[in-house]
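Comments concern the structure below.
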Amino acid sequence: MPLHPYETHLARVAQAGEHAPWTPADGPLPALYLSHGAPPLFEDPAWMAELFAWARSLPRPRAVLIVSAHWEEAPLAISSSAAHVTPVYDFGGFDPMYYRMRYDTPEAGALARRVLGALSGENVHETGRGLDHGAWVPLKVMYPEADIPVLQLSLPTADPTTLLGLGAKLRALREEGVLVIGSGFTTHGLPFLTREAITGGPAPGWSRQFDAWAAEALARGDVDTLAAYRDRAPGMPYAHPTVEHFTPLFVTLGASTDPEGPREATIDGFWWGLSKRSFAAA
């Protein structure tokens with residue numbers, strides 16, 4: 001019986017060699033915005049290879065703080081800092097194997113204290129919640145050893161200005177070897193996908209148009225245009241009938257040293273007709 005693609009991925013990971021850990025001499029880690037994928041990401045060898053290569057191009061972080069489209073909660077909250085917390089299986093209709101997957105990361109109490117310190121003045125509390133699939137699915141590909149402390153921060157609003165400010169409060173964490181990630185999807189018009197797009201045909205026009213618009217605005221560092229996406233972006237509202245998969249981008253930009261710096265994609269292309277555009281913001 002052939003190996004599952006994720007098992008093949010793990011075999012490649014085992015041959016990748018040691019991952020050099022972050023040290024202060026490396027300087028601040030970048031903040032990332034990544035299009036995260038659903039459980040079928042584990043069936044896409046090319047995308048898994050891209051994500052793993054991206055992780056290995058960076059020093060191994062001391063910890064990961066991730067904001068996912070799949071946890072909208074205000075006031076701000078962080079996930080459980082305990083070790084080996086059961087992940088949230090917030091998806092439906094997939095193979096039963098994906099509901100048995102785990103991502104058992106170490107205790108993250110030190111990271112929780114540091115995040116709470118960075119967010120001093122905010123109303124923020126720790127919960128018993130595990131990581132949702134916007135967090136554990138891509139991280140299980142990027143850091144499959146699950147040996148890095150991880151916390152998830154809730155997405156408290158859809159307002160770009162507020163999220164840029166939230167990201168700015170997290171900026172100093174990057175100087176301590178914490179990888180700050182906004183996890184969403186550059187386009188996410190699931191209700192409007194066609195069978196043709198899902199089975200490998202051309203991406204829908206609304207997805208391609210929004211992606212090209214976002215790429216151009218990011219290349220210019222035009223945060224104001226990006227923040228006005230509801231009114232200015234072609235392909236709306238089909239590209240984002242709800243906006244939670246785009247708004248983590250503003251946390252990433254806010255956490256960067258220069259939110260208005262030009263950004264080029266680390267990963268692009270389409271999956272099921274949705275834009276995989278992902279980038280690093282130093």
Side-chain angles (χ1 to χ4, degrees), residues 6 9-37 41-42 44-69 103 105-106 108 110-111 114-115 118 131 134-153 167-186 215 218-219 221 248-259 261-269 276-282:
Y6 185 69
H9 176 69
L10 293 180
R12 288 196 301 267
V13 168
Q15 298 173 4
E18 185 178 355
H19 189 180
W22 177 88
T23 70
D26 293 311
L29 287 171
L32 308 185
Y33 173 76
L34 60 85
S35 294
H36 63 68
L41 169 60
F42 297 123
D44 190 323
W47 196 2
M48 286 192 289
E50 288 177 315
L51 284 167
F52 182 70
W54 192 8
R56 281 301 180 103
S57 74
L58 304 170
R60 179 181 178 276
R62 294 177 60 194
V64 174
L65 178 66
I66 187 165
V67 177
S68 158
Y103 192 64
T105 54
L111 176 60
R114 185 64 191 91
V115 170
L131 303 176
W136 68 264
V137 166
L139 291 177
K140 193 172 176 69
V141 171
M142 297 171 76
Y143 303 104
E145 299 89 347
D147 57 356
I148 299 171
V150 178
L151 280 181
Q152 188 168 344
L153 180 68
K169 292 186 176 184
L170 305 174
R171 192 176 297 160
L173 298 177
R174 297 172 39 234
E175 301 173 1
E176 302 168 19
V178 178
L179 187 63
V180 177
I181 301 176
S183 172
F185 230 128
T186 301
L218 286 164
L249 174 146
F250 297 104
V251 178
T252 296
L253 292 178
S256 69
T257 303
D258 178 10
R263 316 293 178 202
E264 297 296 333
T266 305
I267 297 173
D268 59 12
K276 300 193 301 180
R277 185 166 301 279
S278 305
F279 63 87

| remark: Tightest non-hydrogen contact, residues Pro149 and Leu111, listed as O-CD2, 4.2 Å
| query | Mind checking whether Leu34 and Trp54 have side chains closer than 4.5 Å, heavy atoms only? | reply | yes
| How close do Pro30 and Ala280 get, heavy atom to heavy atom, and via which atoms? | CB-CB, 4.1 Å
| said: Between Ser183 (side chain only) and Ala135 (backbone N and O only), is there a donor and an acceptor less than 3.5 Å apart? | reply: no
| message | Quick check: do Val64 and Val178 have side-chain heavy atoms less than 4.5 Å from each other? | response | no
| request: For the pair Arg62 and Glu176, find out whether any cationic side-chain nitrogen is under 4.0 Å from an anionic carboxylate oxygen. | output: no
| task | Side-chain contact test, heavy atoms from C-beta onward, threshold under 4.5 Å: evaluate it for Val141 versus His9 and give yes or no. | result | yes
| said: Would you say that Met142 contacts Leu32 through its side chain, given a criterion of any heavy-atom pair below 4.5 Å between the two side chains? | reply: yes
| Asp258 and Arg263 ion-paired at < 4.0 Å | no
| query | Does a side-chain heavy-atom distance below 4.5 Å link Val150 with Leu131? | reply | yes
| Any Trp22 side-chain heavy atom under 4.5 Å of Pro61 side chain | no
| Verdict with supporting geometry, Val137 and His36, side chain to side chain contact (heavy atoms under 4.5 Å, CB included) | CA-CA 7 Å; Val137 166; His36 63 68; 5.8 Å; no
| query | Which of these passes side chain to side chain contact (heavy atoms under 4.5 Å, CB included) with Leu29: Leu179, Val180, Leu173? | reply | Leu179
| request: Check ring pair (Phe, Tyr, Trp, His ring centres under 6.0 Å) between Trp47 and all other residues, then give those that pass, not counting sequence neighbours. | output: Trp271
| task | Only counting residues at least two apart or in another chain, list the ones meeting side-chain contact (heavy atoms from CB on, under 4.5 Å) with Pro144. | result | Tyr6, Leu10, Val13, Phe52
| request: Measure the OG-CZ distance between Ser278 and Phe185 for me, rounded to the nearest 0.5 Å. | output: 8.0 Å
| query | Under the 3.5 angstrom rule, does the side chain of Asp268 hit a backbone N or O of Ala265 as a donor-acceptor pair? | reply | no
| Is there side-chain contact between Leu249 and Phe279, with at least one heavy-atom pair below 4.5 Å? | yes
| said: Can a donor-acceptor pair be found, under 3.5 Å and without considering hydrogens, that links the side chain of Thr105 to the backbone of Ile148? | reply: no
| Where is the tightest heavy-atom contact between Ser35 and Arg277, given as atom of each residue plus distance? | OG-O, 3.1 Å
| said: Whether the side chain of His19 engages the backbone of Leu58 through a donor-acceptor N/O pair (distance < 3.5 Å, no angle test) should be reported. | reply: yes
| remark: Between Ala219 and Glu264 the two heavy atoms that sit nearest each other are CB-OE2, 3.8 Å
| If every non-hydrogen atom of Ala146 is compared with every non-hydrogen atom of Pro106, which pair is closest and at what distance? | O-CD, 3.4 Å
| task | Any chance you could lay out the side chain to side chain contact (heavy atoms under 4.5 Å, CB included) test for Ser68 and Gln152, step after step, and finish with the verdict? | result | CA-CA 7 Å; Ser68 158; Gln152 188 168 344; 3.2 Å; yes
| field | Minimum heavy-atom distance between Arg174 and Ala31, given as atom pair plus value | value | NE-N, 3.8 Å
| query | Between atom OH of Tyr143 and atom CZ of Arg56, what is the distance when rounded to the nearest 0.5 Å? | reply | 9.5 Å
| Would you say Leu170 and Leu65 make side-chain contact, with heavy atoms under 4.5 Å? | yes
| said: Between Lys276 and Glu50, does any side-chain N to carboxylate O distance fall below 4.0 Å? | reply: yes
| Does the Tyr103 side chain pair with the main chain of Leu139, one donor and one acceptor, at a distance under 3.5 Å? | yes
